[in-house]
**Q** 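Sharing a structure here in structure tokens format.
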Amino acid sequence: MDFLAGCIGGAAGVLVGHPFDTVKVRLQVQSAAKPLYRGTFHCFQSIVRQESMLGLYKGIGSPMMGLAFINAIVFGVQGNTMRFLGHDTPMNQFMAGSAAGAIQSVICCPMELAKTRMQMQGTGEKKKSARKLYKNSLDCLVRIYKREGLLGINRGMVTTLLRETPCFGVYFLTYDLLTRRMGCEPDDPYIIPKLLFAGGTSGVTCWLSTYPVDVIKTRLQADGVGGVYRYSSIMDCVRKSVANEGWMVFTRGLTSTLLRAFPVNAATFATVTLVLMYARGETSGAGDCESAPVETQTQHSSSLQTLPDTVQTSPE
């Protein structure tokens, strides 16, 4: 039930946060010489005006498809790592989260590649183009594989590892510290708001810790759209980005990312809590710690923690 609740909660998070992710990607990869968007809110308005509301949900199929796999990997690896380490301490939470982040990158990287390519497709087009390259996220991955092989569908794997490993570590550590600080008592009538606050804050914190790496990852994965390749390596991408746009390039899309991080994690935690409450028949009293996916104060991390917005992506 924890796995099922995590999947449903993650799906809720994707639905809430995907429009913000689309804006983030568009801002990260737009040309500095001829920018299409002046900022986060202008990007939102432009996408809706030119591509309709559905334009904000381009590429959503990819994170939805990878959701079950990512949840299974994260929950399984984090829980087993904590059991192996033996003690529920903040440092062990960081290590277990980092391990989960590193291993789930195998699924996350191709998923985000397809998402990014789909989000970039038809940029600025009001009507559907007959020359659309990809039909959906799966078709995108198949075409990339046929054209570029395994290396193609794993484009950005190194930067994904560099982002996900510390990102998940910071997420689990922050969540553990906040829930310990705020407490989780069975008769606490505010337990759900506390969990939502802890999850949302943890999502924001983990994104802040690795956001520059995410900018480079997005640019590498978007590189080659239209047949033009600009970057030969990670360092080449860093050098050219800084040379053309300055160090502020690493904050591109940060506003939309942070606006997305909190509600995504809040939606995920609320959904997970409600699903488990009804599944266990504990519909009376939302303040019961057992109603949430928490078994004891020392075990809350292995069952309650959810993805930091990487579904996306990254903390999603």
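Quick caveat: nothing in here was measured; it's all calculated off a predicted structure.
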**Q** State which residues pass salt bridge (charged side-chain N to carboxylate O under 4.0 Å, His left out) with K135; sequence neighbours excluded, sorted by chain then number.
**A**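 Salt bridge (charged side-chain N to carboxylate O under 4.0 Å, His left out) list for K135, sorted by chain: empty.
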**Q** Could you tell me which non-hydrogen atom of A198 sits nearest to which non-hydrogen atom of T179, and how far apart they are?
**A** CB-CG2, 3.9 Å
**Q** If every non-hydrogen atom of Y37 is compared with every non-hydrogen atom of L27, which pair is closest and at what distance?
**A** CB-CD2, 3.9 Å
**Q** OG1 of T218 to NZ of K115: how many Å apart, nearest 0.5 Å?
**A** 6.5 Å
**Q** Is there a side-chain contact between F41 and V23, using heavy atoms and a 4.5 Å cut-off?
**A**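 Heavy-atom side-chain distance check fails, nothing below 4.5 Å.
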**Q** Do R180 and D88 come close enough that some side-chain heavy atom pair is under 4.5 Å?
**A** yes
**Q** Quick one: does T251's side chain have a donor or acceptor within less than 3.5 Å of a partner on L254's backbone?
**A**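 Checked: no pair found.
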**Q** Taking everything shown except R147 itself, do over 12 heavy atoms lie less than 6.0 Å from its CZ?
**A**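 It does: R147 CZ has more than 12 such atoms within range.
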**Q** Given side chains that start at C-beta, do those of D214 and Q28 come closer than 4.5 Å, heavy atoms only?
**A** yes
**Q** Within the supplied structure, the quantity of interest is the number of heavy atoms (other residues, nucleotides, ligands) at a distance under 6.0 Å from F250 CZ; does it exceed 12?
**A**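 Yes, CZ of F250 has more than 12 neighbouring heavy atoms, counting only those of other groups under 6.0 Å.
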**Q** Salt bridge (Lys or Arg N to Asp or Glu O under 4.0 Å), that's the test. Do R219 and D223 meet it? Break it down for me.
**A** CA-CA 6 Å; R219 291 195 164 205; D223 197 32; over 6 Å; no
**Q** What's the separation between atom CD1 in I234 and atom OG1 in T159, rounded to the nearest 0.5 Å?
**A** 5.5 Å
**Q** If I compare all heavy atoms of R26 with all of I47, which pair ends up nearest, and what's the gap?
**A** NH1-CG1, 3.7 Å
**Q** To the closest 0.5 Å, what do you measure between CD (Q221) and CE (M120)?
**A**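 That separation rounds to 12.5 Å.
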**Q** Consider only side-chain N and O atoms of S105 and E164, and report whether a donor and an acceptor are under 3.5 Å apart.
**A** no
**Q** Treating Ile, Leu, Val, Met, Phe, Trp and Tyr as nodes and any side-chain heavy-atom pair under 4.5 angstrom as an edge, say whether V16 and L196 lie in one connected cluster.
**A** no
**Q** Looking only at atom types and distance, does a side-chain atom of Q30 sit under 3.5 Å from a main-chain N or O of L36, one as donor and one as acceptor?
**A**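 Yes: the side chain of Q30 pairs with the backbone of L36.
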**Q** Would you say L15 and M53 are hydrophobically clustered, going by side-chain heavy atoms of ILVMFWY under 4.5 Å?
**A**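 As far as the 4.5 Å side-chain criterion goes, M53 and L15 are connected within one cluster.
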**Q** Do any N or O atoms from the side chain of K58 and from the backbone of Q121 form a donor-acceptor pair under 3.5 angstrom?
**A**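 Checked: pair present.
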**Q** Take the angle between the ring planes of Y175 and Y171 and call it parallel below 30°, perpendicular above 60°, tilted in between.
**A**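 Rings of Y175 and Y171: parallel, as their planes differ by under 30°.
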**Q** Check whether R163 reaches the backbone of T210 with its side chain - one donor and one acceptor, N or O, closer than 3.5 Å.
**A**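 Checking the backbone N and O of T210 against the side chain of R163, no donor-acceptor pair under 3.5 Å is found.
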**Q** Do K194 side-chain atoms and M182 backbone N/O form a donor-acceptor pair below 3.5 Å?
**A** yes
**Q** Count I, L, V, M, F, W, Y as connected when their side-chain heavy atoms are under 4.5 Å apart, and connections chain through other members. Are M235 and Y229 then in the same cluster?
**A** no
**Q** Is the shortest heavy-atom distance from the side chain of L56 to the side chain of H18 under 4.5 Å?
**A**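 Side-chain contact under 4.5 Å: no.
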**Q** My understanding is that only residues two or more places apart in sequence, or in another chain, count here; which of them pass salt bridge (charged side-chain N to carboxylate O under 4.0 Å, His left out) with R117?
**A**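 If we apply the salt bridge (charged side-chain N to carboxylate O under 4.0 Å, His left out) test to R117, skipping adjacent residues, there are no hits.
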**Q** Among residues at least two apart in sequence or on other chains, which ones pass side-chain hydrogen bond (donor to acceptor under 3.5 Å, both in side chains) with N92?
**A**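 With neighbours one apart ignored, the set is T89.
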**Q** Once ring pair (Phe, Tyr, Trp, His ring centres under 6.0 Å) is applied, do any residues pair with F44, and if so which ones, sequence neighbours excluded?
**A** F20
**Q** Roughly how far, to the nearest 0.5 Å, is CE of M91 from CG of D176?
**A**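 Taking CG in D176 and CE in M91, the distance rounds to 11.5 Å.
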**Q** Got T22 and V25 here, is their nearest side-chain heavy-atom distance under 4.5 Å?
**A** no
**Q** So which heavy atom on A99 is nearest to which on T81, and how close?
**A** CB-OG1, 4.1 Å
**Q** After noting the C-alpha distance and the side-chain angles of M82 and Q93, does the key distance pass the side-chain contact (heavy atoms from CB on, under 4.5 Å) rule?
**A** CA-CA 7 Å; M82 285 300 297; Q93 289 290 341; 3.5 Å; yes
**Q** Over all heavy atoms of both residues, which pair between G59 and S137 is shortest? Give the atoms and the distance, please.
**A**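 So the two residues come closest at O-OG, 4.0 Å.
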**Q** So, using ring pair (Phe, Tyr, Trp, His ring centres under 6.0 Å) as the criterion, who are the partners of Y57 when residues are at least two apart?
**A** none
**Q** Do Q45 and R38 touch side chain to side chain, with heavy atoms closer than 4.5 Å?
**A**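 Heavy-atom side-chain distance check fails, nothing below 4.5 Å.
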**Q** Sequence neighbours excluded, which residues qualify as salt bridge (charged side-chain N to carboxylate O under 4.0 Å, His left out) partners of E148?
**A**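 In terms of salt bridge (charged side-chain N to carboxylate O under 4.0 Å, His left out), with neighbours along the sequence ignored, E148 is linked to R155.
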**Q** Between I153 and M157, is there a shared hydrophobic cluster once you connect ILVMFWY residues whose side-chain heavy atoms come closer than 4.5 Å?
**A** no
**Q** Hydrophobic cluster membership, with links at side-chain heavy-atom distances under 4.5 Å among I/L/V/M/F/W/Y: are I144 and V106 in one?
**A**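 In one cluster: no.
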**Q** How long is the gap from CE on M111 to OG1 on T116, to the nearest 0.5 Å?
**A**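 Between atom CE of M111 and atom OG1 of T116 there are 9.5 Å.
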**Q** Do K217 and C109 have side chains that get closer than 4.5 Å, going by heavy atoms?
**A** no
**Q** Kindly compute the distance separating CG (L161) from SG (C167), expressed to the nearest 0.5 Å.
**A**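 That separation rounds to 12.5 Å.
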**Q** Can you name the nearest heavy-atom pair linking T165 to A102, along with the distance?
**A** OG1-CB, 3.5 Å
**Q** Can you find a heavy atom in the side chain of T174 that is under 4.5 Å from one in the side chain of C206?
**A**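 In short, these two side chains do not touch, never coming nearer than 4.5 Å.
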**Q** side-chain contact (heavy atoms from CB on, under 4.5 Å) between K24 and Y211: does it pass, once the steps are laid out?
**A** CA-CA 11 Å; K24 180 203 73 170; Y211 192 77; 3.5 Å; yes
